[in-house]
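So the structure is just underneath, and the comments pick up after that.
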Amino acid sequence: MAMERANLLNMAKLSIKGLIESALSFGRTLDSDYPPLQQFFVVMEHCLKHGLKVKKSFLGYNKSLWGPLEMVEKLCPEAGEIAASVRDLPGLKTPLGRARAWLRLALMQKKLADYLRLLITRKDTLSEFYENSAVMLEEEGAVIVGLLVGLNVIDANLCVKGEDLDTQVGVIDFSMYLKNDIDDYRNLNCELDTYKQSRQGLDEMYNEARRQLKEECQLRQDVENELVVHVSMKQEMEMAMKLLEKDIHEKQDTLIGLRHQLDEVKAINVEMYQKMQSSDDNMRQKNDMIARLEEKTNQITATMKQLEQRLQDAERERASAEDGVRKFKQDFTNKADSLQKQIAQREKMQLETDLKIERDWRQTLQNELERERETIAQLTAEAQQINGLKKEFHRLQDENTQLKGICEEQEQALEELGCKLSEYGGQVWLKDKDATHCKLCEKEFSISRRKHHCRNCGEIFCNSCSDNELPLPASPKPVRVCDTCHALLLQHCSSNAT
């Protein structure tokens with residue numbers, strides 16, 4: 001392999017030196033048909049092919065120059081334009097044709113030495129494509145790349161589209177490099193004889209190295225497969241850890257949210273307890289007011305009945321008085337007629353006596369008439385007072401109706417509040433419309449006997465059966481409970497204390 005590298009290095013020196021000298025003497029831009037330029041590309045192709053690993057494909061085993069040259073695009077972004085142009089060429093069908101086109105375009109760009117220098121500096125990348133003893137991985141490759149810098153003085157105009165780069169045969173024409181110098185010719189003959197003699201031994205070494213390389217490639221493939229398995233397991237474990245961390249963060253966020261909700265529920269419970277206390281106070285006040293209004297209403301009703309009875313009696317007395325007055329007038333008229341007749345019949349002696357008696361009688365009747373008028377005026381005033389009391393009674397009835405409506409609204413709000421408390425506390429909150437009698441004493445509810453919910457069991461009791469207050473787990477402050485729950489809670493507290 002060392003002899004092959006030395007021969008390729010010498011051929012590269014000859015081809016590059018001959019190309020530069022002929023191009024300078026030629027004096028114009030080189031084209032694709034220029035023989036020294038064609039031989040240069042053939043020599044470069046042999047140098048790049050030396051030590052190239054065999055790649056397995058669907059069509060068998062082959063060596064491809066396009067693989068390492070395509071890597072230059074990743075190392076130098078400026079080479080992306082050449083690679084894109086090579087891929088877009090319609091006439092190129094093989095990787096070898098693309099590699100030949102790439103070399104020609106890089107030479108026209110005067111960047112061939114720069115691109116290959118970047119490539120040989122990345123020996124880890126080249127080791128995927130070349131054997132360890134290849135020209136590109138040894139010092140000869142660096143020397144060849146250094147010689148390529150001299151090609152920057154050459155201007156080339158190559159037509160890549162028109163050439164058949166896929167089927168060209170790359171054969172080195174040594175006749176171009178033969179000179180009249182006998183020493184050079186003898187050196188070449190000696191090197192050729194040495195090459196022929198060492199070729200057989202090199203072939204055997206190459207076959208042995210190839211066999212070892214296959215074994216090492218197989219071992220490397222096995223190690224790479226194990227590494228891929230370990231990497232995949234590591235990625236799966238990292239993914240599982242990430243998912244676990246995400247799940248833990250989500251549960252922590254959920255726990256924080258539940259704590260906030262619990263604080264809000266506690267605040268709602270305290271607020272509802274305060275509203276219930278204020279509502280109970282309002283209910284007590286309204287119950288007392290309703291009781292007083294009922295008592296006042298009963299008194300007014302009794303007074304109205306008495307006044308109506310007195311009015312009826314007064315009307316009857318007035319009617320009887322009017323009948324008496326009519327009868328008196330009739331009797332008076334009759335008596336006056338009779339007196340006139342008697343006066344006419346009697347003598348003047350008896351007239352004064354009768355007139356006196358008549359005056360007394362008239363005075364008595366006038367006094368009775370005045371008393372009757374006073375009685376009628378008093379009855380009229382009492383009738384007006386009764387009318388005023390009727391208006392006051394109607395006004396109190398309207399106010400009582402409004403208070404009943406407010407009481408029903410507050411009872412409905414208390415019932416909704418009880419339903420919410422039943423949702424938080426777990427007990428069944430009985431609706432007001434479902435209870436008509438006290439749960440304990442079984443007395444019927446009325447305006448004076450109001451309904452009250454037990455905050456522990458949710459049943460409805462009267463005030464006398466539910467006038468106890470104890471703190472519950474759902475409420476830190478004492479609330480109304482029935483007598484039964486009061487006894488049970490006290491018994492439970494005493495048992496817990498013991």
Side-chain angles (χ1 to χ4, degrees), residues 1-24 30 34-53 63-73 75-76 78-79 82 95-96 98-156 158 168 170-174 176-177 184 187-188 191-192 194-195 202 206:
M1 296 295 287
M3 185 61 70
E4 291 179 2
R5 292 197 302 271
N7 292 333
L8 288 173
L9 177 59
N10 291 328
M11 291 303 302
K13 289 179 179 179
L14 290 173
S15 63
I16 293 171
K17 182 179 179 182
L19 179 60
I20 293 173
E21 290 177 353
S22 61
L24 292 176
L30 304 181
Y34 192 60
L37 186 58
Q38 293 178 354
Q39 285 300 307
F40 166 74
F41 286 125
V42 172
V43 172
M44 286 303 301
E45 184 177 338
H46 280 78
C47 292
L48 293 173
K49 279 185 177 180
H50 182 262
L52 194 64
K53 289 183 179 180
K63 296 181 179 180
S64 175
L65 288 176
W66 177 240
L69 296 179
E70 194 176 12
M71 293 296 295
V72 180
E73 180 182 2
L75 302 176
C76 182
E78 296 179 2
I82 298 176
L96 180 60
R98 296 190 187 95
R100 290 170 176 172
W102 189 90
L103 290 173
R104 284 158 173 77
L105 292 176
L107 181 63
M108 284 193 294
Q109 256 191 354
K110 296 184 180 181
K111 294 282 188 178
L112 182 59
D114 297 334
Y115 294 156
L116 293 180
R117 182 182 295 108
L118 290 174
L119 191 60
I120 64 173
T121 56
R122 300 296 297 273
K123 296 191 181 294
D124 54 344
T125 304
L126 286 178
S127 61
E128 297 179 3
F129 301 96
Y130 290 98
E131 303 289 346
N132 293 330
S133 59
V135 172
M136 298 300 292
L137 294 176
E138 298 294 337
E139 294 180 357
E140 289 83 353
V143 174
I144 293 172
V145 171
L147 294 173
L148 292 175
V149 177
L151 297 178
N152 292 336
V153 300
I154 298 175
D155 295 328
L158 307 177
Q168 285 184 3
V171 179
I172 300 175
D173 187 7
F174 292 98
M176 296 180 60
Y177 309 110
D184 293 341
N187 290 332
L188 288 173
E191 289 178 358
L192 182 61
T194 305
Y195 173 75
L202 291 174
Y206 176 73

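Contact between Ala79 and Val72 at its shortest, heavy atoms only, is CB-CG1, 3.9 Å. Shortest non-hydrogen contact noted between Ala106 and Ile82 is CA-CD1, 4.0 Å. Residue Val145 comes nearest to Ala113 through the heavy atom pair CG1-O, 3.6 Å, listed as atom of the first residue, atom of the second, then distance.
Relative to the ring axis of Phe41, Arg100 does not place its NZ or CZ within 45° and under 6.0 Å from the centre.
Residues passing the side chain to side chain donor-acceptor pair (under 3.5 Å) test with Arg122: none are found, sequence neighbours excluded. For Gln109, the side chain to side chain donor-acceptor pair (under 3.5 Å) test picks out Tyr115, with sequence neighbours left out. Applying the salt bridge (charged side-chain N to carboxylate O under 4.0 Å, His left out) criterion to Lys13, with sequence neighbours excluded, gives no partner residue. With sequence neighbours left out, the side chain to side chain contact (heavy atoms under 4.5 Å, CB included) criterion links Leu137 to Lys123, Leu126, Tyr130. Glu138 pairs by the side chain to side chain donor-acceptor pair (under 3.5 Å) definition with nothing, not counting sequence neighbours.
Summarising the local packing, CG of Asn132 is surrounded by 12 or fewer heavy atoms from other residues, nucleotides or ligands at distances under 6.0 Å.
Evaluation of the salt bridge (Lys or Arg N to Asp or Glu O under 4.0 Å) test over residues 107-118, restricted to residues two or more places apart or in two chains, returns Glu78-Lys111, Lys110-Asp155, Asp114-Arg117.
Side-chain atoms of His50 do not come within 3.5 Å of backbone N or O of His46 as any donor-acceptor pair.
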